[in-house]
Amino acid sequence: MNSDEISGIVFDCDYIVEGNKPLVRVFVKDAKTKQNIVLHDSSFCPYFYVVPYLYLTDEQAFLLKKKIELFEHDDISGTLKVKSVKEEEKTMGLQKRRVFRVECFIPKEVPLLKAHLEKEEEIEGFREYDILFYKRYLIDRNIELFRQMHFKVHHEKKTGRFFVDSIKADKNSPLVDFSLFRWLAFDLETIEESGKTKIIFASIVDSSGCKTVITCYRNGYEHAVVVEDEKSIIEKMGEIIKKQNPDFILTYNGDNFDFNVLEDRAKTFGIKLQWSSIGENFTYFSKGARKKAQCFGLVHIDIYKFVFSIMRGTIKSETLKLNNIAKELLGDEKKDVSYSDISHAWRTKTNLSKIADYCVHDSVLTLKLGEHIFANLSSLSNLVCQLPFDTCRASYGTLVEAFAIRKAHEKNIIVPNKPSNEEMVKRKQKGMFKGAFVYSPKVGLKKNIALFDFRSLYPSIIITHNIDIDTINCKCCLKTAKKKNKVPDYDFYFCQKQKGFIPSILEEIIFLRVKIKKIIKETRDTKMLKKLDAQQYALKIVANAFYGYMGFAGSRFYDYRAAVSTTSFGRHYIHKVIEEAKEEGFRVVYGDTDSVFLSLPKKNMKKINKFLDHINNSLPGIMDLEYEGFFTKGLFAQKKHGEGGAKKRYALVDENGNIIIKGFEKVRRDWSVLARQTQEKVLELLLSDKTEEAKNYVRDVIDKLKTKKVPIEELVINTNLKKSISSYEQMAPHVMAVKKAIARGMKFKGGQNIAYVVTAKGKSISDKAQLAEFANDYDSQYYINNQIIPVVSRIFEAVGVQELSLTDNSKQKNIFEY
DNA sequence: AACTGTGGCCGTGGCC
DNA sequence: GGCCACGGCCAC
């Protein structure tokens with residue numbers, strides 16, 4: 001056997017079972033040759049922890065260990081045995097505990113063994129029995145995803161396999177580039193025929209320049225690969241993909257759509273989706289409503305999933321459809337073809353080249369999006385030690401959990417278990433906990449606003465006050481911390497001697513982020529900058545999600561008291577800043593959670609810096625108030641219902657004249673484009689003192705609506721159908737529009753975007769609502785009274801323009817009357 | 001459908 | 001006409 005060294009990048013991992021032994025398979029791209037290699041590791045076995053009761057004597061513990069070692073259970077599937085038991089010392093909470101690491105032969109025996117041992121009286125509990133085997137491997141072997149790793153391997157002649165002897169990560173090497181890998185995106189166009197979804201076009205685009213569309217219609221498209229039938233389309237796809245030999249397969253919603261169709265059609269025709277160069281098939285899992293298409297060594301990245309769960313908060317477009325996302329992120333637009341266009345073209349066999357073109361374009365966009373998100377995806381994968389396959393499908397909760405588990409292993413800490421269903425119900429029954437403070441603004445236009453906010457408020461609080469499950473009301477600080485580290489609104493305090501696990505790992509994140517930000521400042525190389533920026537961004541989103549994770553009922557680190565303490569300190573600090581600002585003679589205009597808006601007679605940096613220093617000198621730990629910037633104007637509108645100014649809705653003008661709009665209809669995707677644009681324009685004009693122009697602009701819009709000169713597209717209202725149609729109590733417009741569409745034979749799922757128009761026909765607004773595709777006209781009155789007037793009058797009133805100020809008419813009229 | 005959290009606004013339907 | 005629950009989306 002000759003020993004060898006391989007340096008490469010890990011981007012996939014799974015395991016197989018051979019002869020009752022698990023064999024981990026690590027998919028590695030050799031950095032030099034760019035060839036992929038499957039490395040096998042037979043040295044790793046599944047395990048979980050048994051926690052014996054603390055009161056057990058050494059002898060009792062020894063007997064328990066023996067009992068577990070000798071455990072044997074026979075049933076029809078064979079004999080269940082323990083491979084080995086090792087005594088270890090691990091940290092649980094802040095305590096060192098004796099635990100038994102119970103090693104099993106194969107992964108699926110872990111839950112079985114645990115179930116059998118549950119009846120043993122000497123056992124207090126079980127830990128880490130639900131961490132998937134391949135994830136366990138990545139963590140325990142310190143795999144650094146998307147970073148150079150060094151493997152000592154040996155070649156086994158008999159099987160031709162490479163076996164791993166040792167692994168070393170090169171922690172200082174940068175994360176790799178997109179261009180290291182081969183990427184392939186595909187997209188399907190389908191039609192509904194006799195109750196089945198059938199494939200009519202399939203496009204394939206890859207990073208080596210391949211651009212193909214496959215169809216079985218002969219005169220479809222001059223560049224098309226024309227095959228016999230639908231079955232051949234799928235076979236041809238497999239053939240091309242296999243030949244192109246990509247590392248990653250990219251789709252946009254492939255988990256729920258493309259692979260769903262492919263799986264069904266392939267089954268019908270008796271074909272396997274064997275696209276991988278190493279002979280693996282795609283498997284399609286559905287766990288409840290969640291579906292995934294996966295193939296070892298051919299990593300399927302569903303970009304829609306990543307956009308939905310991770311990027312949604314930063315996306316502004318009305319829907320998360322490919323064309324919108326591509327437009328927003330890439331500045332590219334999808335060709336505009338609707339489903340009815342496709343089926344019409346297919347039925348009449350006209351304009352087929354347009355569909356083919358559109359199909360290819362979708363793959364092109366998907367590939368481009370893949371490149372766009374790669375830095376973020378790879379940084380996150382690396383940070384939380386999860387395969388890119390899992391990272392692109394993960395929620396924030398999953399990411400935080402994965403990161404915590406990884407860090408726990410590093411620190412020899414055993415992680416708490418996931419809550420049982422009953423426990424989760426109990427946690428949820430506690431109800432919502434008190435959150436942040438929001439300052440009620442006064443209505444009007446304010447000048448010269450200095451904006452301050454706390455840098456990462458909640459993470460800073462958790463670190464500074466050592467907020468954790470294990471540090472709460474400790475015995476060691478009973479006398480001191482009770483005074484010095486007490487939660488403002490509650491009766492508990494946190495330990496000041498021993499750092500909790502969560503504060504300590506959060507601190508690592510914050511420090512690392514500061515370090516990366518420093519490097520960013522010194523970096524010129526744009527490629528490198530993008531990577532570093534993605535890394536600091538990954539750290540930021542994981543850090544910010546920790547507080548929510550502690551208050552999340554499904555969390556391993558749930559603690560109600562920790563969550564309420566965090567927000568309690570938050571309220572305390574923002575109130576403190578507000579009080580001190582008042583004392584220093586500033587006028588407090590507004591503030592939300594971690595920010596304060598202070599107005600000054602004029603811009604005065606000396607005063608601003610003095611205030612900042614004054615505050616920061618009195619703040620403990622890593623708490624840090626930052627100066628965000630100066631704004632020449634700030635507009636706060638009257639609340640529609642109730643007294644005072646509306647919170648979470650304002651507009652600011654920065655020193656360069658840019659307008660920043662928060663909360664108003666302009667930024668809400670459930671308002672018509674016309675209403676949003678009109679409000680934006682009015683804001684723009686009023687903030688530059690062009691009152692008359694603003695009035696005229698609105699009159700003009702109203703006039704256009706009255707004379708039906710506004711194109712219907714600008715009047716479409718987008719709303720999400722959040723649940724299945726039957727579970728709605730109230731018949732809101734979008735729900736009624738859907739009901740009417742269902743009557744026409746359309747189908748809807750929860751989570752779908754509904755685009756509707758309020759038409760002229762009907763009594764109530766819901767009566768009038770029709771899906772955009774069925775609407776031929778619109779109700780001008782509705783759009784004037786319910787979309788335009790309310791959104792602009794808030795703004796006019798805020799700057800002090802009374803509605804009744806039109807004098808060009810004999811009668812005194814509302815400026816917007818018509 | 002959406003499983004990181006709470007605070008908040010506002011339109012609409014539906015009840016009184 | 002007034003009030004409130006439902007429902008969706010946004011700020012942080």
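Quick note on labels: first sequence line is chain A, next is B, and so on, each numbered from 1.
Side-chain contact of Gln536(A) with Asp533(A): a donor-acceptor pair under 3.5 Å is present, judged by distance alone. Between the side chains of Ser568(A) and Ser565(A), no donor-acceptor pair of N or O atoms lies under 3.5 Å. Side chain to side chain, Asn718(A) and Asn753(A) meet the donor-acceptor criterion of an N or O pair below 3.5 Å.
A straight line from CD of Gln787(A) to P of dT12(B) spans 7 Å, rounded to a whole angstrom. Computed from coordinates, the Asn720(A) CG to dC6(C) P distance equals 19 Å when rounded to whole Å. Put simply, CG on Asp559(A) is 15 Å from P on dG5(B), counting in whole angstrom units. As rounded to whole Å, 11 Å separates atom P of dG7(C) from atom CD1 of Ile725(A). Rounding to whole angstrom units, CZ of residue Phe597(A) and P of dC12(C) are separated by 6 Å. Rounded to an integer number of Å, the gap from Arg794(A) CZ to dC10(B) C1' is 7 Å. Here dC12(C) presents its C1' atom at 12 Å from CG of Leu451(A), a figure rounded to the nearest Å. Counting to the nearest Å, the P atom of dG8(B) and the NZ atom of Lys647(A) are 4 Å from each other.
An OP1 or OP2 oxygen of dC10(B) is reached within less than 4.0 angstrom by no side-chain nitrogen or oxygen of Lys648(A). At the phosphate of dC9(B), neither OP1 nor OP2 sits under 4.0 Å from any side-chain N or O atom of His641(A). Under 4.0 angstrom from either OP1 or OP2 of dG13(B) there lies at least one side-chain N or O belonging to Ser766(A). For the pair Tyr304(A) and dA2(B), the criterion of a side-chain N or O lying under 4.0 Å from OP1 or OP2 is not met. Side-chain nitrogen and oxygen atoms of Tyr650(A) include at least one within less than 4.0 Å of the OP1 or OP2 phosphate oxygen of dC12(C). For dG14(B), the OP1/OP2 oxygens have no side-chain nitrogen or oxygen of Tyr728(A) closer than 4.0 Å.
At distances below 3.5 Å, at least one donor-acceptor pair connects side-chain atoms of Ser780(A) with backbone N or O atoms of Leu705(A).
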- Task: May I have the step-by-step check of side chain to side chain contact (heavy atoms under 4.5 Å, CB included) for Lys662(A) and Arg649(A), ending in yes or no?
- Result: CA-CA 5 Å; Lys662(A) 299 280 184 180; Arg649(A) 304 186 138 216; over 6 Å; no

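In the interface, the side chain of Arg668(A) is not paired with the base of dC10(C) through any donor and acceptor atom under 3.5 Å apart.
Among the atoms of the strands shown, base atoms are found under 4.0 Å from some heavy atom of Gln730(A). Counting non-hydrogen atoms under 4.0 angstrom, Gly397(A) reaches the backbone sugars and phosphates but no base. Looking at heavy-atom distances under 4.0 Å, Asn256(A) makes contact with a base. Using a 4.0 Å heavy-atom distance criterion, Phe433(A) is classed as a sugar-phosphate-only contact.
The residue among Lys640(A) and Met731(A) whose nearest nucleotide of DNA chain B lies closer to the 5′ end is Lys640(A). Map Trp671(A) and Lys723(A) each onto its nearest nucleotide of DNA chain B; the residue landing nearer the 5' end is Lys723(A).
For the P atom pair drawn from dA2(B) and dG8(C), the interatomic distance equals 10 Å after rounding to whole Å.
In this structure, Tyr549(A) and Phe557(A) have tilted ring planes: the angle between them lies in the 30° to 60° band.
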